[in-house]
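Here is the structure we will look at.
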Amino acid sequence: MANSRSVVIIGSGPAAYTAAIYCSRAGLDPLVFGGVMMGGQLMITTDVENFPGFPEPVPGPDLMDRMRKQCERLGVSIVPELVSKADLSRRPFRLETTEGRTAEAETLIVATGADARWLGLESEARLKGRGVSACATCDGFFFKGKAVCVVGGGDSALEEALFLARLASKVTVVHRRSSLRASQAMQDRAAKSGQIEWLWDSVVVDILGSDAVTGLRLKNVKTGAVSTFPCQGVFVAVGHTPNTGFLAGQLKLDENGCIATDGRTRTSVPGVFAAGDVMDPHYRQAVTSAGLGCVAALEAERFLSSHG
């Protein structure tokens with residue numbers, strides 16, 4: 001028989017844990033399916049300096065460990081399993097994990113996050129947190145006065161470059177084409193900054209460095225020529241993929257592939273709420289995700305109250 005709960009939360013990042021804290025304090029006895037890789041994107045983040053309440057930098061994994069322990073202290077049930085199927089056609093909603101566990105939920109909070117798209121290089125994986133990042137807002141401070149590269153050509157890449165231009169000594173955008181995909185407004189802002197340079201028709205074939213990034217090995221897609229380019233940081237900005245596959249098209253998505261909400265975390269299915277990076281393509285910050293988790297929990301509580 002399926003485990004039946006008033007609220008089930010899917011995810012284990014700041015949005016999910018914050019939602020769980022609020023739901024538990026409201027007496028809703030939430031169940032959290034945290035996935036196999038518990039903790040979300042912060043598990044691959046080094047020092048976090050912009051989360052309120054921490055005078056000293058806190059490593060991302062430590063921050064998530066504290067959130068998890070806070071949930072456990074409040075009696076939240078956390079199951080480290082991945083939800084693979086969801087039936088949202090009627091309430092209670094029905095969920096199934098890859099381990100075969102099932103649950104029913106009167107309300108559901110989806111906080112499954114979004115995964116950064118990477119280049120797929122061995123050196124990229126090895127140097128994550130050692131000069132390779134996918135978030136300038138998170139890690140840009142550590143590259144103050146250093147030369148950095150941004151890989152990509154869309155709005156996200158230029159947003160990263162513009163942010164880094166205020167900190168780094170030099171910002172170079174590496175793009176595989178001879179023109180950008182970014183909006184004209186973003187291109188105009190980048191051009192006016194006067195601090196951003198461009199490497200056109202180039203792809204990254206390797207990231208150089210043993211313990212820290214020292215440069216890139218680039219290939220010109222038109223000539224085939226291979227060259228090296230010195231830098232101390234690489235920001236990969238080729239997009240994010242929201243983790244919505246298990247929903248099988250049952251919720252409306254926006255143009256970014258994120259779950260569409262009404263500004264109050266409410267989705268296209270009554271009783272289903274979404275919080276964090278899975279519905280927010282713009283900010284992708286731990287603190288904004290936590291705030292949205294709070295909103296989702298409050299909305300779930302109100303939904304339950306109004307629906308008996």
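Positions are given from 1, in the same order as the sequence printed here. Side-chain atoms are counted along with the backbone in the values below, which use heavy atoms only and exclude waters and symmetry mates.
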Name all residues meeting the side chain to side chain donor-acceptor pair (under 3.5 Å) criterion together with S183; count only those two or more places apart in sequence or in a different chain, and write none if there are none. D155
Taking the basic N atoms (NZ, or NE/NH1/NH2) and the acidic carboxylate oxygens, is any pair closer than 4.0 Å for D65 and K69? yes
Is it the case that atom CZ in R94 sees more than 12 heavy atoms from other parts of the structure closer than 6.0 Å? yes
Residues S202, R176; criterion side-chain hydrogen bond (donor to acceptor under 3.5 Å, both in side chains); working and verdict: CA-CA 5 Å; S202 299; R176 65 184 303 127; over 6 Å; no
Distance from R126 atom CZ to D211 atom CG, nearest 0.5 Å? 8.5 Å
Within residues 218-264 or reaching into it, pairs that qualify as ring pair (Phe, Tyr, Trp, His ring centres under 6.0 Å) - sequence neighbours excluded: F143-F235
Restricting to pairs with a member in residues 20-41, which pass ring pair (Phe, Tyr, Trp, His ring centres under 6.0 Å), not counting sequence neighbours? none
Spacing of CZ belonging to F273 relative to CG belonging to D262, to within rounding of 0.5 Å: 9.0 Å
Just by distance, do the side chain of T112 and the backbone of N243 share a donor-acceptor pair under 3.5 Å? yes
Can you name the residues that form a side chain to side chain donor-acceptor pair (under 3.5 Å) with R101, not counting sequence neighbours? E81
Between E106 and R91, is the closest basic N to carboxylate O distance under 4.0 Å? yes
Are V174 and F163 grouped together when hydrophobic residues (ILVMFWY) are joined by side-chain heavy atoms under 4.5 angstrom apart? no
dist S193:OG -> L162:CG (nearest 0.5 Å) comes out at 5.5 Å
By disulfide (SG to SG under 2.5 Å) - contacts of C135 (at least two apart): C138
For E197, what residues pass the salt bridge (charged side-chain N to carboxylate O under 4.0 Å, His left out) criterion, not counting sequence neighbours? K170
Roughly how far, to the nearest 0.5 Å, is CG of L304 from CD of E299? 11.5 Å
Give a yes-or-no answer on whether the side chains of R117 and T241 include a donor-acceptor pair shorter than 3.5 Å. yes
What pairs of donor and acceptor atoms, side-chain ones from residues 274-281 against any protein atom, are under 3.5 angstrom apart with sequence neighbours left out?
{"residue": "D277", "atom": "OD1", "partner": "S289", "partner atom": "OG", "Å": "3.4"}
{"residue": "D280", "atom": "OD1", "partner": "H282", "partner atom": "N", "Å": "3.0"}
{"residue": "D280", "atom": "OD1", "partner": "Y283", "partner atom": "N", "Å": "3.3"}
{"residue": "D280", "atom": "OD2", "partner": "R284", "partner atom": "N", "Å": "3.4"}

Return the set of residues passing ring-ring contact (aromatic ring centres under 6.0 Å, His included) with F303 (not counting sequence neighbours), or none when no residue passes. H307
Residue pairs passing the disulfide bond (SG atoms under 2.5 Å apart) test where at least one lies in residues 187-304, sequence neighbours excluded: none
Using the ring pair (Phe, Tyr, Trp, His ring centres under 6.0 Å) rule, collect all pairs that involve residues 47-74, keeping only residues at least two apart or in two chains. none
Under the criterion salt bridge (charged side-chain N to carboxylate O under 4.0 Å, His left out), I'd like the reasoning laid out for D29 against R5: C-alpha separation, chi angles, the key distance, then a yes or no. CA-CA 7 Å; D29 189 26; R5 298 291 181 106; 3.5 Å; yes
Roughly how far apart are T18 OG1 and Q70 CD, rounded to 0.5 Å? 8.0 Å
For residues 172-224, which residue pairs pass the ring pair (Phe, Tyr, Trp, His ring centres under 6.0 Å) check, not counting sequence neighbours? W198-W200
Return the CG to OG distance between D139 and S133, rounded to the nearest 0.5 Å. 3.5 Å
Please identify each residue that fulfils side chain to side chain donor-acceptor pair (under 3.5 Å) with S123, with sequence neighbours left out. D206
